[in-house]
There are 2 protein chains.
Amino acid sequence: MSQVGAGGRPAGPTGPEGAAVRPRRADARRNHQRLLEVAAAVFAERGEGASLDEIAKRAGVGSGTLYRHFPTRQALLEAAYVDRIEALAARADEIAGRLPPGEALTEWMRELGLGTIRIRGLRALLGAAAAQGGSFADTVCGSTLRDAARRLAEAAWREGTLRPDVDAQDLLRLAHGLATASGLAEDGEQYVGRYVDLLMEGLRPRGRAARG
Amino acid sequence: MSQVGAGGRPAGPTGPEGAAVRPRRADARRNHQRLLEVAAAVFAERGEGASLDEIAKRAGVGSGTLYRHFPTRQALLEAAYVDRIEALAARADEIAGRLPPGEALTEWMRELGLGTIRIRGLRALLGAAAAQGGSFADTVCGSTLRDAARRLAEAAWREGTLRPDVDAQDLLRLAHGLATASGLAEDGEQYVGRYVDLLMEGLRPRGRAARG
DNA sequence: ACCTGAACACCGTTCAAGT
DNA sequence: ACCTGAACACCGTTCAAGT
């Protein structure tokens, strides 16, 4: 099934997931890199619906080249924001090392929501990560965030501060929803924290009040 | 300031808001009506982003005619769904007559979320209604829903089952957010009720547990 | 092996010409 | 007073031709 390594080439350098990264032509590598940088900038400026043609033009490549490297808008978005997503996932563990599980989960949800609002273009990605069974369910970003959410959820279950019927997928979906809700307000950032706090109160097992 | 009645014409028939409805040419009235019917059908088929050109074509009118009657997509969406929105607002009072305020609010939030998911094209409208200060803040749909939400919220405040710092605008935003969250799942309708229940638990004043 | 950019299909919006 | 539809600008996507 695997196409990796086909052709009898000696094993080359491998990427973060262990997939073989075959050496590209120098111009291809340059274009790839340039497209990523430009895409991140343009998405930030114009939002996740930015014109792909503009990205190609600004990167100085033909539109066909963009499609060759990133066959879908989603693929480009993901590639442009992997590092942000991974940073968000890494935050989960930092926070977990600092706070008790319930509070850590709440804090991470806040940061997730804030990131979704602040970084234009990230919302579509988090939405895809939060969707299940869809065509993007198995993207790198999706599994990275889901794993982070799962680690926090499991700790909170053990601690007894998260309802056992609420799972990582629910948390990602709800974070996306609350970020969307906050984004409806003029200054959305002010609302995320509040909405997350309200929700998390409801996610505690019945009868267990907040300590605050 | 008011342009209504300008020109010295005798007062004609008035619409629901008291604005003068001047008699239109017969073809204009026909086109208006036909556009509304076709728009509702096409939005239901293709979603809120449906091609306006397709709507015009199916209605048998030139594209310019559509723009004459409905200068923006939002205006067309709103006109096509006013009755649904008003039905949702009316439900608020029906429910309030049947259940204690806290439960009524929860039930209405469930129905609002479900409607948002079920009726394609409604989401953009509820989003606009939930947004504040935006260009659509004063649409008919917006104020209708906000008034309904406000009535439920005030009753729940008096009863002491809704935090006093959560207002009607918050409720609309959160309903929209939870509908969005649910819509990320394969079968979104199954999640709305659950997500609403979880949230509403968090919207109770501190220390007040559910009676369930 | 990779890139280019013309070509195609589609969409929203405007507006001169019609009745 | 209202309608029509061509015209324009824009976008995504494909693919024959190049190097």
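Per chain, numbering begins at 1; letters A, B, ... match sequence-line order.
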Side-chain donor-acceptor distances from residues 31-44 of chain B under 3.5 Å, at least two apart:
unit_1	atom_1	unit_2	atom_2	d
B/N31	ND2	B/D27	O	3.4
B/H32	ND1	B/H69	ND1	3.3
B/Q33	NE2	B/E37	OE2	3.3
B/R34	NH2	B/R58	O	3.4

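Note on A/N31: a side-chain N or O is less than 4.0 Å away from OP1 or OP2 of C/dC3. Taking side-chain N and O atoms only, A/S51 has a distance below 4.0 Å to OP1 or OP2 of D/dG12.
Residues from residues 56-63 of chain B with heavy atoms under 4.0 angstrom of DNA chain C, sorted by number: B/S63. Against DNA chain D, the stretch residues 35-42 of chain A makes no heavy-atom approach under 4.0 Å.
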**Strand DNA chain D in bracket notation, Watson-Crick/G-U under 3.5 Å with | for pairs to another chain** = ||.|||||...|||||.||
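Side chain of A/T116 to backbone of A/L112: a donor-acceptor contact under 3.5 angstrom is found. No donor-acceptor pair under 3.5 Å is formed between the side chain of A/R150 and the backbone N or O of A/D167.
Side-chain atoms of B/R25 lie closest to D/dA1 of the nucleotides D/dA1, C/dC2, C/dC11. Listed nucleotides: D/dT13, C/dC3, D/dC3. Nearest to the side chain of A/A28: C/dC3. Comparing D/dC2, C/dC3, D/dG12 by their nearest atom to the side chain of B/D27 picks out D/dC2. Among the nucleotides D/dC3, C/dC3, D/dG12, the one closest to the side chain of A/L52 is D/dG12.
When all heavy atoms of B/A181 and A/G177 are compared, the pair lying nearest together is CB-CA, 4.0 Å. Across every non-hydrogen atom of A/L171 and A/A153, the tightest pair is CD1-CB, 4.0 Å. The shortest non-hydrogen separation linking A/I85 to A/C141 is CG1-SG, 3.6 Å.
A straight line from OH of A/Y67 to P of D/dC15 spans 13 Å, rounded to a whole angstrom. Here D/dC3 presents its P atom at 11 Å from NE2 of B/H32, a figure rounded to the nearest Å. To the nearest angstrom, P of C/dT13 lies 12 Å from CD of B/Q74. Look at CG on A/L66: it is 17 Å from C1' on C/dA6, rounded to the nearest Å. Note: CG (B/D53) to C1' (C/dA9) measures 13 Å, nearest angstrom. If you take CG of B/L76 and C1' of C/dT13, they are 15 Å apart, rounded to a whole angstrom. One atom, CZ of B/R46, and another, C1' of C/dC11, lie 13 Å apart when rounded to the nearest Å. One atom, CZ of A/R34, and another, P of C/dT4, lie 12 Å apart when rounded to the nearest Å.
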**Item:** Stepwise side-chain contact (heavy atoms from CB on, under 4.5 Å) test for A/R163 and B/L198
**Value:** CA-CA 10 Å; A/R163 283 169 176 256; B/L198 290 172; 3.4 Å; yes
**Request:** Might you work through the salt bridge (charged side-chain N to carboxylate O under 4.0 Å, His left out) test for A/R118 and A/E189, ending with a clear yes or no?
**Result:** CA-CA 8 Å; A/R118 280 198 187 133; A/E189 296 193 21; 3.0 Å; yes
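Counting non-hydrogen atoms under 4.0 angstrom, B/A50 reaches the backbone sugars and phosphates but no base. Across all strands, A/H69 comes closer than 4.0 Å only to sugar-phosphate atoms, never to a base (heavy-atom distances).
Every residue two or more places apart in sequence or in another chain that forms a side chain to side chain contact (heavy atoms under 4.5 Å, CB included) with B/A149 is listed here: B/W108, B/A168, B/L172.
Under 4.0 Å is where a charged nitrogen must lie from a carboxylate oxygen, and between B/R73 and B/E48 no such pair does. A salt bridge between A/D147 and A/R151 is absent, with no side-chain N of the basic residue lying under 4.0 Å from a carboxylate O of the acidic one.
Along DNA chain C, the nucleotide nearest B/R73 and the nucleotide nearest B/T65 are compared for position; the residue whose nucleotide lies closer to the 5' end is B/R73. If A/G49 and A/G64 are placed on DNA chain D by their nearest nucleotide, the residue sitting closer to the 5' end is A/G49.
Checking B/D170 against A/Y191 by side-chain atom types alone, no donor-acceptor pair falls below 3.5 Å.
The salt bridge (charged side-chain N to carboxylate O under 4.0 Å, His left out) analysis of residues 108-117 of chain B, with sequence neighbours excluded, yields the pairs B/R91-B/E111, B/E107-B/R110, B/R110-B/D197.
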